[in-house]
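From a predicted model like this one, the values you see are computed outputs, not experimental measurements.
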Amino acid sequence: SDAKARQLFEAGKLDVFMNANTQDLVTARAASAGKVRVEQYPYLATYYLGFNIKRAALKDAALRKALSAVIDREGLPSVLQGGQQLATSFVPPGMQGYVPPSLAPLSLHEARAVLAKAGYADGHGFPRLSLWVAKFDGAPALAETLVKNFNEKLGVTVEAKSGTPAEYQRALAEGKADLFVRHWGAD
């Protein structure tokens, strides 16, 4: 198991440890002082924010763009701490077929104006949303950051929820997730 391999590696009884998690990388970088060599390889995958467009407030594409615009994309790799890169399209950089985005996202001012035009100035009256994130290394930090972005920048209240893969899939299937973080990998 990964836990047993981690214990043996830390005890000096194992020379190679694969499937390290983010905390392993952070710890190794900080404490290794040349004792541990950390190798990272490209993982061609993208995590993205999805919207349940059956929810009345999320049917409006302009409101979805406004919510998307306030995400601090550049800050997400440092939140996750695992060497991730900013994804600006569905196909990740480094993979054949990657095309850099051609459209600039809305500015914060424009995103707030979209909410106001829809009758939700400063987030007032906007329905409380649920954000579902399946459990993965870094999920709590990602969810906390997204919730903070929506609340502080638009005044929109979002409640983060996380669960086992089965609970996550059930929430999506039953329409309980207004917003959700999904994963696509090039495997």
Separation of [Y] [atom2] from [X] [atom1] (nearest 0.5 Å):
X: Glu167; Y: Lys176; atom1: CD; atom2: NZ; value: 10.5 Å
X: Asp15; Y: Leu8; atom1: CG; atom2: CG; value: 11.0 Å
X: Arg112; Y: Leu106; atom1: CZ; atom2: CG; value: 13.0 Å

List the steps, then state whether side-chain contact (heavy atoms from CB on, under 4.5 Å) holds for Leu49 with Arg182.
CA-CA 6 Å; Leu49 179 65; Arg182 292 295 300 238; over 6 Å; no
Side chain of Lys135, backbone of Gly163: donor and acceptor closer than 3.5 Å?
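Absent.
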Counting distance only, does the side-chain N/O of Ser162 pair as donor-acceptor with the main-chain N or O of Ala134 below 3.5 Å?
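No, because the side chain of Ser162 does not come within donor-acceptor range (under 3.5 Å) of the backbone of Ala134.
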Which atom pairs, donor and acceptor, lie under 3.5 Å between side-chain atoms of residues 60-69 and protein residues at least two apart or in another chain?
| unit_1 | atom_1 | unit_2 | atom_2 | d |
| --- | --- | --- | --- | --- |
| Asp60 | OD1 | Ala62 | N | 2.8 |
| Arg64 | NH1 | Leu58 | O | 2.7 |
| Arg64 | NH1 | Lys59 | O | 2.9 |
| Ser68 | OG | Arg73 | NH2 | 2.6 |

Should the heavy atoms of other residues, nucleotides or ligands under 6.0 Å from [atom1] of [X] be counted, would the total exceed 12?
X: Glu144; atom1: CD; result: no
X: His183; atom1: NE2; result: yes
X: Ile53; atom1: CD1; result: no

Is there a side-chain contact between Asn151 and Val156 in this structure, where contact means two heavy atoms from C-beta onward sitting under 4.5 Å apart?
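Side-chain contact under 4.5 Å: no.
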Report yes if some heavy atom in the side chain of Asp178 is under 4.5 Å from a heavy atom in the side chain of Leu131; otherwise report no.
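A side-chain contact is absent here, since even the closest heavy-atom pair is not under 4.5 Å.
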Hey, any chance [X] and [Y] share a hydrophobic cluster, counting ILVMFWY side chains that come within less than 4.5 Å of each other, even indirectly?
X: Phe150; Y: Leu76; answer: yes
X: Leu179; Y: Leu172; answer: no
X: Val158; Y: Phe180; answer: no
X: Trp132; Y: Ile71; answer: no

Write down the atom of Ala160, the atom of Val147, and the distance for their closest heavy-atom approach.
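Closest heavy-atom pair between Ala160 and Val147: CB-CG2, 3.9 Å.
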For the student: nearest non-hydrogen atoms of Lys153 and Val70, plus distance:
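Looking at all heavy atoms of both residues, the shortest contact is NZ-O, 3.1 Å.
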Below 3.5 Å, can you tabulate the donor-acceptor pairs from side chains in residues 121-129 to any protein atom, sequence neighbours excluded?
none

Show your reasoning for whether side-chain contact (heavy atoms from CB on, under 4.5 Å) applies to Tyr168 and Thr164.
CA-CA 6 Å; Tyr168 174 80; Thr164 64; over 6 Å; no
